[in-house]
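Along the sequence shown, residues are numbered consecutively beginning with 1.
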Amino acid sequence: MVDLFAQALPDRVVHVVGDALYRGPAWRDLPARVTFTTRPAAHAILYGPQPPRTGKRGHPAWKGERLGTAAEMAVGATWIRARVTRYGVTEDVDLAVIACPPAPGAADSSPASSTARS
């Protein structure tokens, strides 16, 4: 469905937000102008994009550079305070601004990732 939505709006960047049930490998093949934000598992280790093939024998790498757990990444993040409205409730939250490396061959037009905490 996200692909259909992106096709219907070819000149727009599409930001999709889902809960933890919507995380997984199905979102890896989205067009470069589509971003997907979801809540990872608490123990998840995050990795950069899959590196390009090297042309050498053997299976290509499945994962990019290890970025760390959310807690490890938050230590080096820049935190900003923002007022947000979620589910009809407005409150102040801290947002971690974390630069995400672009996928090989993708234009670096996606925004930085943000992690919120109340």
Side-chain angles (χ1 to χ4, degrees):
M1 181 191 256
V2 174
D3 286 337
L4 294 174
F5 192 70
Q7 288 174 8
L9 301 167
D11 298 331
R12 305 285 302 267
V13 174
V14 178
H15 301 286
V16 180
V17 179
D19 63 19
L21 291 175
Y22 292 100
R23 68 175 181 252
W27 304 110
R28 290 183 188 156
D29 296 324
L30 291 174
R33 60 188 183 78
V34 176
T35 64
F36 191 87
T37 302
T38 186
R39 183 178 178 176
H43 64 280
I45 298 173
L46 305 174
Y47 292 87
Q50 180 180 16
R53 293 176 178 259
T54 62
K56 296 180 181 178
R57 291 174 42 156
H59 195 285
W62 289 355
K63 302 174 184 175
E65 175 186 354
R66 183 186 191 276
L67 302 175
T69 64
E72 291 168 346
M73 292 176 69
V75 169
T78 300
W79 291 88
I80 60 173
R81 193 103 171 123
R83 180 169 285 274
V84 300
T85 302
R86 301 179 287 188
Y87 307 107
V89 177
T90 301
E91 60 187 344
D92 290 333
V93 297
D94 294 320
L95 299 175
V97 181
I98 301 169
C100 298
D108 189 12
S109 61
S110 62
S113 172
S114 294
T115 303
R117 66 180 180 191
S118 298

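A distance of 11.5 Å separates CD of Q50 from NZ of K63, quoted to the nearest 0.5 Å. Note that OG1 of T69 and CG of L46 are 7.5 Å apart. Values are rounded to the nearest 0.5 Å.
Proximity of a side-chain donor or acceptor of R33 to a complementary backbone N or O of R12 within less than 3.5 Å is detected.
Across all their heavy atoms, Y47 and G64 have their closest contact at CD2-O, 3.5 Å. Residues L95 and A82 share a closest heavy-atom pair of CD1-CB, 3.8 Å. Contact record, P60 with R53: CG-NH1, 3.5 Å, taken as the closest heavy-atom pair. Taking all atoms of both residues into account, the shortest heavy-atom contact from A74 to W79 is O-NE1, 3.2 Å.
Under a hydrophobic-cluster definition in which Ile, Leu, Val, Met, Phe, Trp and Tyr are linked whenever side-chain heavy atoms come within less than 4.5 Å, directly or via other members, L67 and I45 are assigned to different clusters. With hydrophobic clusters built from ILVMFWY side chains whose heavy atoms lie under 4.5 angstrom apart, V84 shares a cluster with I80.
E72 is linked by a salt bridge (Lys or Arg N to Asp or Glu O under 4.0 Å) to R66, counting only residues two or more places apart in sequence or in another chain.
V13 has its side chain within reach of H15: a pair of non-hydrogen atoms, C-beta onward, lies under 4.5 Å apart.
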